[in-house]
Each structure stands twice: as structure tokens, then as C-alpha cells.
Amino acid sequence: MSIKYSENKKTFSLNTASATYQLKIGNLGYVKHLYYGDTICDEDMAYLIRRYDRGFSGNPYDSLKERTFSLDAQPQEFTTQQQGDFRINSIEVRNADGSFSFNGRYLSHRIYQGAFTLNGLPTAFATENDTVDTLELVLEDAVSKVQVTLLYSVFEEAEIIMRAARVHNAGDKMIHLERIMSFNIDFLNGKDMDLISLPGRYGQERQVERQPMTHHVHRIRSGRGISSHQQNPFVALAGRTTNEDYGTCYGFALMYSGSFTAEAELDQYDQLRLVMGINDSMFNYPVAPGEDFDTPAVLMTYSHQGLTGMSHNYHKFYRTNLNKSKFVRDVRRPVLINTWEAAFFTFDDVKLVEIARAARDMGVEMMVMDDGWYGKRDDDNSGLGDWYVNENKIKCGLTELVRQINDLGMKFGIWFEPEMVSEDSDLYRAHPDWVMEIPGRHAVRSRNQLVLDVGRKEVQDYLIERVNSILDSANIYYVKWDINRAITDLWSNALPGDRQGEVSHRYVLGLYRILDGIVKTHPDIMFEGCAGGGGRFDTAMLTYFTQYWSSDNTKPLDNLKLHYGSSFLYPVCSMGAHVSEASPMVPFETKAAIAMCGTFGYELDATHMKKKEIRACKKMSDLYHKYYDLNFFGDYYRLSDPFEPVNLVAWESVAEDKSEALVTVITVGLTVNGPQEYIKLKGLDPDRMYRMDYDGRELVLSGSALMNGGIPIPREVPDFTSFIYHLRAVK
Ligand code: DGJ
């Protein structure tokens, strides 16, 4: 059992392979957080907490005038509300009598094997090879009878603890949640910690920012209805001196695809509190007597091996415990070509077959028909919602088109954007009340489209039926699921005015229900997510989509940064990356080497390619397959930081048994007559010898030489040259 309860000490120790997380039922039944870090023996870490009178920090009434006992100064496992803890809250509940108060104390607990699941929200799952145990610990407010169950699933070998909270109304009157976080974690000393986040914007997702904790609330949020390009629902807390390889690092990834918040507060005593959950802006959720409200889950991990250790934990977890699709591990993902940048809305069946035929010579194995194949969709003003094949464009019909592509020996993929509607569409004309629009106001347009009220069951049912009927009408192998705007005008015509605070979260629950009805019922189809690039790239989406389109920005040099930032928690095999015609000064080989830091494909008009380019692409497609396992399933190392003024950007994948490694180096600005640059490798076996081709000859070097001395990178080359070194251990 990875969870131990000590009846004596009233402590719960949650042990992963190399970390311990400890909590304790403390005075008056308040549950304290004691520790999260390297494995400890069975100690009760409560000795760390000293109590002394702290001015202006109140004392619970039944602490009987004990002035040293204050929730404001103690590390909590989940917060109370209005009990004298003035730091950021994990819960704000309006009780039936109008009061805002929650005084949650220990009621009960249970420990069982396996992982918890949530109502309508995605979670990670245990496989038959994992040790996974769950603790459910119930806190109750004795007056309102509001209960909060704290859920912890410990994935022992994976070094991940999944947490969530479930609110249960055990009273006899309606309550309203105005804020409910998925978790709360308090560190006794946060002064020397940095907060790392992945901010960005459209076309420049998941850049990296690291800021020292100071005495205020640091807030990372999305209020866009999607997890967003602007912030990813992920933060890390790292020691001030932590770097890629050394030092403590905690990761927190919220499994949620809507508006979220992550708040970190360094308090008056240098303690650090972090909470994460659904964004509480415009949020108000009623919970009727006997009902539950589940928060999204969060995936927490700890490593003392720096940022790399944290990333490895997340990467491995994706490969085993997040997504059950056979395309994660068991079935190779084909090299694809996507029509978007080749044809935009202007294509027909003949053009598509021409592109596929030309692409075949580039080693492409799947043709993806992007936006424009349905309804009246010749530009972005119309058609969304009408998920019927446009027979003016696909004249031979979809079944026949797919057959023709299959006859070329290629698979076929298709694009959808189900959550949206155009005003010029049959769907909108039939159901204008299905859009989100506040009565008496005009809804905000974005990319000329409106948002369907996906929280409504009839909308969900329509979309499930429409998408499934297309998928079942032809031999479709792949789906790209897009969303091309943020969500505004939170209003549902299906709910009364006083329940509009539910709309944003209901949208996300509706989306997950639609995906359950489509993705889970088509296990033989491979799904890729997209939100105008990577605007909804999150761990919840990765439970449905095997991969996510990283960005609409296919410029290779921008992608160096984007891949670097994404790799903090997302593995290579989850990031869609394509070679395109953007940045013509960058050679095809280099574009391809960069796209191989993701799920490889092309985004161009193959019919316009020169013979030389086609040959270069074929070589790169073959290379993608040659190193597929190493690249997708190896341990990934960031060898340089592209946000620094570097001359080279490099990364490496090392096989789990350290028998092979693949190193990619891109020159981004070697100065004339400058110093020699070296790339030091990581993760090799120091005592083994590795063979590699280097500068036209064979080199055999020990892992220790390669890791300590490095590889001297040839510098008499043009900018944007790529080097791919394959190292194989000599038996
Ligand atoms: C945005 C996506 O990111 C693009 O790849 C493309 O699918 C367009 N949408 C189509 O509208």
C-alpha cells in the first residue's frame, strides 16, 4: 500500500517511489498539511510546526482562548472560510441562510486500491502494472452539513499524486459554491521558491516564465472559456537554485479545459500556499441537498532532479496513465499531410487526390482534409454547424473520396469544429437559441463565428449524432478536433437567470460528454486536438486526444521555443508538429528535424514541390520512422534553453535501457570565427561505449566522455543547419 495511516499519530503518509506527502488530523479535527518532498521514514512531521501567539491571526472559538492556535499560521490541507485564515481560499460557499462560512473538520476517511474517478470529468487511470491507492478524507462543517471529500490517488511508480475535491451537501437546503478549488497545498517556507508558468499568445504558445515568489498573490489564469494560448493550466514551484538537473521541483497540472485559476501566495510568515481550480469569475454553482459537485483533478509530482525529473514524470505518465487509445503506444502514428496551408477553403475532391498522390512520394501515409468540406463553407463566414458533406466540393461523395485515397495506399483524416456555429448556417437558422448570447445584447463575434451552448443536452446530442454519422460513413482513420475562438457571452437559454453562474463549467462538462460519445465510441480512430493551434492543449484534452496541434505557427525557429516550453510537461509524442513552407531560408532537413520534436507531418501543397524537395521530405519521413520508438518513448532531455541568447539549440532522447540516444542540434547563429561550441549529452550510461557517425567518420566514446566533454559541433556551416546524431551502445 502506498498510503499509510497511523492511528496513533493520526498521520496519513502518501508514498510514491521516491517522495512522501504527509497530512495529519490535528487539533480540533483540522487537517494539517505536513510535508511533501523526498521520502521520509515513518516520522510524524508535525514537529516542524511551532505554535506561538501571532498577532491579528484569530483563534477558533473552541480552541478555548488558546492564542497560539490559529489557522492563519498553520499549513492546511484544504482551507476553511471565515475561520481566521486570511490567505487565499480553496472554498467559498454561500450557505442557505446567506452566510459565507465553511468550518471543515475531519469526519471520516477510507483507503482503497485503484484510482478515483469523477462525475463527468476526466481522470488518470491505473494500469495492471501500477500500484495505485486512493485516500478519501471527508471534512464536514457541523452547522451547514457541507462536506468536502479530499481525494488523493497515489501512482506509486509514476511519482504522481492525483488530487481533487468533492463537495457533498449533506444538509437539507440548497447551498451555492462561489469558489471551489481542486486542491490546496501549503509549504512551510516558500521564500526561496520560484513560480514557473507557460504563458503565450496565439501563434506563440507555452513560452516559459520563471518568477521569484514575493509577498503577494501570483495569479495565472484563463478567463477565456478554454484553457487558452495565453496561459497553460500548469505551474511548477522550483527551488531558487533548481536547474534542469538538480534541485527540488514540484509540478501541478490541472486536468481542465475551461477557464481556470492558479494562485500562489507567499504569506506574512514566508509560508507559501498554492491553489488551482475552476476560475471563480462568474462562477456560482448550486448544490442541492444530497447532491455532489466534483472539481477537476490535478496531477502533482515532485522531483529532486530538477526540471528534467519533473518533466520525465509527466512524460511517462502520459504514455501509460492518461489516454487509453491504442495510438499512444501500440499503433504507429502515420506521417500525415494536412491540406490547410496548401489549399485553405479552395479545394475539391480532384485536388485532394492530386495532393495525396504527390505526397505519397514524400513518404506521407495519411491525407487530412481540413476545414471547408461541409455545409456552405467557402470562407470563414458560413457553414459551421452544418456537418453534412458539401457535394459541390466533394463531388464523388466522402465514401468514394476516402476509397480513392485508400487506393493510393494512404489513410484518410478529417477536420471538425463541432462547438461553433456560423450565423449563415442551416443550424443557426433552425436553432438560434442554441448559441450563447445574453438577452438583449449581440454576442461577440470572433473569426465570424458564434459559440454553441455546449452545456445543453440537445446540442450535445446533435453534435454526437452528426459527427458520428460522418465518421461511420467512410473509412476514416483520423480526426482533427478544432475550436477557433475563445468563449464569451456566458448565457444559456436553457437555464433561468439565477443559474447563469453554471454556464462556463457546464460548457466544459458538455464538451467532455460529447467527446465521450465520439472518441470513446471510435477506438480505431486516432484523434488530434486543436484550438487555433495549441489554445486548449491540456492534460484533460490528452485523455481524449492522442496528440495536440502545438501551434498554427509553423515557423521552425519559433517552434524551437514552443517545443521547449511544451516539453516541461507534454512529451514529444503528444505535440503535433509539421513541416511547412513558412521560413523559406530554412532548409527542409532542418524544418523536418524540428518537426520530429513532435508528431511529424506536412502542411503544404505537395503538388508544387520540386523533385529535390520531395526527395528531402522522403528522407526525413523515413528518418521519423527509423527513430520513432526512440523519439516517442525515450527519456527527453532539453540540452539548451532557446530563451537564452544561444547559438545552438539541442535536445536528446535516450532509450529507457540507455542503449541508444538521438541528439538533434540546430545552429541558430554561429558567429564568424567564434569559439568552439560543445553539446554535453545527458542520461547515458557513463560506463558504456557509444558508437556514432560524426563529421563523416565513426566515433566510439564512453557515456562519461559524451556527458562531461560533450560533442564539438561543426561550426563551418550555414545558419539553420541541423545535425542528428544517433548513438548506439557497443555491446
Ligand atoms: C485553425 C487550425 O489551427 C488550423 O490548422 C486549421 O485547421 C484552421 N483552424 C481551419 O479553420
Side-chain angles (χ1 to χ4, degrees), residues 1-3 14-17 19 21 110-137 149-166 182-183 227 233-234 251-257 276 292 294-302 312-331 333 481 508-509 511-529 537-548 569-571 573-574 632-633:
M1 267 266 163
S2 52
I3 301 178
L14 282 48
N15 293 307
T16 63
Y21 182 103
R110 72 181 183 117
I111 296 172
Y112 55 87
Q113 270 183 3
F116 67 78
T117 55
L118 298 170
N119 293 320
L121 290 158
T123 47
F125 54 87
T127 70
E128 62 213 14
N129 305 321
D130 297 325
T131 317
V132 182
D133 300 310
T134 293
L135 164 66
E136 290 188 4
L137 191 150
T149 302
L150 306 182
L151 303 155
Y152 306 81
S153 286
V154 182
F155 292 76
E156 187 174 331
E157 296 83 4
E159 306 278 9
I160 297 277
I161 300 178
M162 176 168 72
R163 282 189 65 176
R166 171 169 295 147
S182 294
F183 78 109
S227 41
F234 160 79
F252 304 89
L254 185 70
M255 297 183 73
Y256 193 59
S257 312
M276 252 173 132
D292 287 345
D294 284 359
T295 70
V298 69
L299 302 172
M300 310 194 303
T301 193
Y302 164 78
H312 284 181
N313 292 348
Y314 279 127
H315 294 178
K316 287 186 186 148
F317 200 65
Y318 159 82
R319 294 196 287 259
T320 47
N321 301 88
L322 263 195
N323 186 318
K324 291 187 176 155
S325 164
K326 64 183 180 185
F327 295 101
V328 171
R329 266 206 105 104
D330 302 336
V331 175
R333 299 183 222 167
W481 184 293
V508 182
L509 293 176
L511 170 64
Y512 294 146
R513 178 170 176 264
I514 296 170
L515 290 170
D516 282 333
I518 296 171
V519 180
K520 302 266 166 80
T521 56
H522 289 90
D524 292 328
I525 295 184
M526 172 181 153
F527 286 83
E528 174 159 356
F537 194 161
D538 56 59
T539 46
M541 283 290 125
L542 286 183
T543 65
Y544 295 101
F545 303 137
T546 322
Q547 57 195 51
Y548 213 95
L569 77 157
Y570 303 114
C573 53
S574 69
F632 271 31
F633 309 127

### Query
Less than 6.0 Å separating the ring centroids of F183 and F252?
yes
#### Entry: Y256 side chain reached by D538 side chain, heavy atoms, under 4.5 Å
no
### Query
Looking only at heavy atoms, which two atoms of E156 and S2 are closest? And how far apart?
OE1-CB, 3.3 Å
### Test item: N323 and F527 side chains (from C-beta on) under 4.5 Å apart, heavy atoms
no
### Message
Can a side-chain donor-acceptor contact be found between S153 and T134 if the only test is distance below 3.5 angstrom?
### Response
yes
### Query
Would you call T16 and N313 a side-chain contact if the rule is heavy atoms closer than 4.5 Å?
no
#### Entry: Any side-chain heavy-atom pair of R333 and C573 under 4.5 Å
yes
### Task
Say whether N321 and D130, considering side chains only, have a donor N or O and an acceptor N or O under 3.5 Å apart.
yes
### Message
Does K520 have more than 12 heavy atoms from other residues, nucleotides or ligands lying within 6.0 Å of its NZ?
### Response
yes
### Any donor-acceptor N or O pair under 3.5 Å, side chains E159, T301
no
### Task
Give the ring-plane orientation class for Y152 versus Y21, where under 30° counts as parallel, over 60° as perpendicular and anything between as tilted.
tilted
### Task
Give the minimum heavy-atom separation between V132 and A126, together with the two atoms involved.
CG2-CB, 3.5 Å
### Task
Please indicate whether Q113 has more than 12 foreign heavy atoms, meaning atoms of other residues, nucleotides or ligands, lying under 6.0 Å from its CD.
no
### Query
Does the side chain of M541 come within less than 4.5 Å of Y512's, by heavy atoms?
yes
### Query
Is R319 positioned over the aromatic face of F633, cation under 6.0 angstrom from the ring centre and no more than 45 degrees off axis?
no
### Query
Below 4.5 Å, heavy atoms only, C-beta onward: do F545 and L515 meet side chain to side chain?
yes
### Task
With the side chain counted from C-beta on, respond yes when K326 and D524 share a heavy-atom pair under 4.5 Å apart, and no when they do not.
yes
### Message
I need the minimum non-hydrogen distance between P296 and A164, along with the two atoms involved.
### Response
O-CB, 3.9 Å
